[in-house]
Amino acid sequence: MPELPEVETTRRGVAPRVVGRRVKRLQVYDARLRWPVPADLAKRIEGRVIDRVDRRSKYLLFRFGDDTLLVHLGMTGSLRVHRKAPPRVLHDHVDLMLDDGTTLRYHDPRRFGAMLWVEGPADSHPLLRALGPEPFDASFNAEHCWNLARGRNVAVKLALMDNRMVVGVGNIYASEALFRAGIRPTARLKTISRARFGRLVEAVRAVLEEAIASGGSTLRDYVGSQGERGQFQFRHDVYARKGDPCRVCGTPIRMIRQGQRASFYCPRCQR
DNA sequence: CTTTTGACCTGACAGC
DNA sequence: TGCTGTCAGGTCAAAA
């Protein structure tokens, strides 16, 4: 689902509606997410004020003083803000009711997402501790990729989706970034030059930036904080465009399978 | 250590 | 109209 642009779009939509608000009531309708929603979450969170909403990788971090509500949207999750909550529909699993009457509602058909409570510094939480650099951070650069690539035989597309190289890049944006960088998804990491990594870094940043500006990509489930669909799917160069002409050279886009995931590329533009 | 595979879960769709 | 198989935006844990 949500890759970085969709999570960031959600963050930007949700934050202004919830920051400064006090949680009046937490209602868990179905606790069976990737990990169970903690049974004592209501007790911990009710009465507390949301100070800030941050994002790390694809996690949303709702800050309550020194403690954090950590939310992941998995493949099909979405978070919506309702001025007045409509009746629950299938797969609405959690409601955070705030002191001004608005409701933050978590919806997730496949339940691959997560909602956890972290006391104290969230950075040291097992889920966040080992994450690589944020794509827009200076520490994501050609040097970093080059160092990681030493002796590694994996395909570059798999490495892009591995959060040690960079976080936030999933199946859609990995294919899109590689197209823009002119690199085949199957290229072995150790064979890529420093200069090409430089181009890849810039391509990742550019595609994520444009996707955020378009409100992300909506393939099926994803919607933003007001229920709005993303628009970037109309601007994909390769993803889900198997057989369609490359926007640059007209060659039909190819689909292959890597690590049980579909990859798309232009056989002429990407070497 | 690296790399691959299976698992979690529901729904949509293609083909018989 | 069923039924079966495949696929879907993530990522952790175990196997090789």
Side-chain angles (χ1 to χ4, degrees), chain A residues 1-11 29-37 55-60 70-79 89-94 106-116 125-132 135 147-178 185-191 204 207-208 211-212 214-224 229-236 238-242 255-264:
Chain A
M1 134 323 160
E3 301 185 32
L4 186 146
E6 292 75 30
V7 178
E8 180 61 20
T9 298
T10 298
R11 190 192 70 78
Y29 305 106
D30 193 340
R32 298 172 304 163
L33 302 187
R34 173 157 200 179
W35 299 282
V37 178
R55 180 191 55 73
R56 172 72 172 114
S57 183
K58 296 170 189 166
Y59 294 91
L60 286 168
L70 184 154
V71 177
H72 197 289
L73 302 177
M75 291 271 264
T76 54
S78 56
L79 263 184
V89 297
L90 190 64
H91 307 309
D92 285 343
H93 302 313
V94 181
Y106 180 77
H107 176 92
D108 186 2
R110 289 174 78 178
R111 306 205 315 274
F112 283 173
M115 191 172 292
L116 299 169
H125 188 278
L127 289 171
L128 306 185
R129 199 175 35 209
L131 293 175
N147 289 335
L148 262 182
R150 194 149 310 174
R152 304 248 340 255
N153 208 36
V154 276
V156 60
K157 195 242 185 182
L158 267 15
L160 250 192
M161 294 173 63
D162 179 334
N163 59 31
R164 286 172 296 181
M165 173 100 83
V166 61
V167 301
V169 178
N171 204 40
I172 295 175
Y173 299 109
S175 280
E176 293 297 315
L178 286 166
T186 50
R188 302 285 163 176
L189 211 57
K190 64 184 177 191
T191 69
V204 166
V207 76
L208 293 179
I212 292 168
S214 300
S217 302
T218 295
L219 298 186
R220 40 186 72 80
D221 301 281
Y222 172 75
V223 290
R229 297 168 61 80
Q231 296 300 311
F232 195 69
Q233 65 276 13
F234 302 118
R235 294 170 55 188
H236 291 170
V238 289
Y239 187 83
R241 294 193 66 239
K242 178 185 183 182
M255 180 178 95
I256 57 171
R257 197 150 275 281
Q258 295 182 281
Q260 303 149 290
R261 318 295 298 275
S263 299
F264 300 86

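Naming convention: chains lettered A, B, ... in sequence-line order (proteins, then strands); numbering from 1 in each chain. Since this is a predicted model, take the numbers as computed values, not measurements.
For A/Gln260 and B/dG6, the CD to P distance is 6 Å, given to the nearest whole Å. A/Arg150 has its CZ atom 16 Å from the C1' atom of B/dT2, to the nearest Å. We find that OH of A/Tyr239 is positioned 7 Å from C1' of C/dA8, with the value rounded to whole Å. Separating the CG atom of A/Leu73 from the C1' atom of C/dA8 is a distance of 16 Å, rounded to the nearest angstrom. As rounded to whole Å, 16 Å separates atom P of C/dG10 from atom CG of A/Leu127. Regarding A/Ile172, its CD1 atom lies at a distance of 13 Å from the P atom of C/dT11, rounded to whole Å. Rounded to whole Å, the distance from CG on A/Asp162 to C1' on B/dT2 is 11 Å. Rounded to an integer number of Å, the gap from A/Leu189 CG to B/dC1 P is 18 Å.
The side-chain heavy atoms of A/Leu189 and A/Met165, taken from C-beta on, include a pair separated by under 4.5 Å. The shortest side-chain heavy-atom distance between A/Pro5 and A/Phe232 does not fall under the 4.5 Å cut-off. In this structure the side chain of A/Lys190 reaches within 4.5 angstrom of the side chain of A/Asn153, judged on heavy atoms. Inter-residue side-chain proximity for A/Gln233 and A/Ile172 is flagged as unmet; no heavy-atom pair is nearer than 4.5 Å. The shortest distance between side-chain heavy atoms of A/Leu127 and A/Leu116 falls below 4.5 Å.
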Given Watson-Crick and G-U pairs under 3.5 Å, DNA chain C in dot-bracket ([ ] crossing, | other strand) is .|||||||.|||||||
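In this pair, A/Tyr239 and A/Phe264 present their aromatic rings perpendicular. The plane angle is above 60°, beyond the 30 to 60° band.
When the side-chain nitrogen and oxygen atoms of A/His72 are compared with OP1 and OP2 of C/dT11, one or more of them lie within a distance under 4.0 Å.
In the set B/dT3, B/dT4, C/dG10, B/dT4 carries the atom at the smallest distance from any side-chain atom of A/Leu158. Residue A/Arg261 has its side chain nearest to C/dT11 when only B/dT4, C/dT11, B/dT5 are considered. Among the nucleotides C/dG10, C/dC7, B/dT3, the one closest to any side-chain atom of A/Glu3 is C/dG10.
What you find for A/Gly215 and A/Tyr222 is that their closest heavy atoms are O-CE2, 3.8 Å. Minimum interatomic distance between A/Leu178 and A/Leu160 (heavy atoms only, all atoms of both residues): CG-CD1, 4.0 Å.
The backbone N or O of A/Thr76 lies less than 3.5 Å from no partner atom in the side chain of A/Arg110, so there is not a single donor-acceptor pair.
Nucleic acid contact for A/Asp221: base, since at least one base atom lies under 4.0 Å from a heavy atom of the residue. Among the protein residues, A/Phe232 comes within range of no part of the nucleic acid, since none of its heavy atoms lies under 4.0 Å from any strand.
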Using nucleotides 8-12 of chain B, report all nitrogen or oxygen pairs with the protein that are shorter than 3.5 Å.
unit_1, atom_1, unit_2, atom_2, d
B/dC9, O3', A/Arg111, NH1, 3.3
B/dC9, O2, A/Arg110, NE, 2.8
B/dC9, N3, A/Arg110, NH2, 3.4
B/dT10, OP1, A/Arg111, NH1, 3.2
B/dT10, O3', A/His91, NE2, 3.2
B/dG11, OP1, A/His91, NE2, 2.8

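Partners of A/Tyr59 by ring-ring contact (aromatic ring centres under 6.0 Å, His included), not counting sequence neighbours, listed by chain and number: A/His72.
Residue whose closest nucleotide on DNA chain B sits further toward the 5' end, between A/Gly259 and A/Arg164: A/Arg164.
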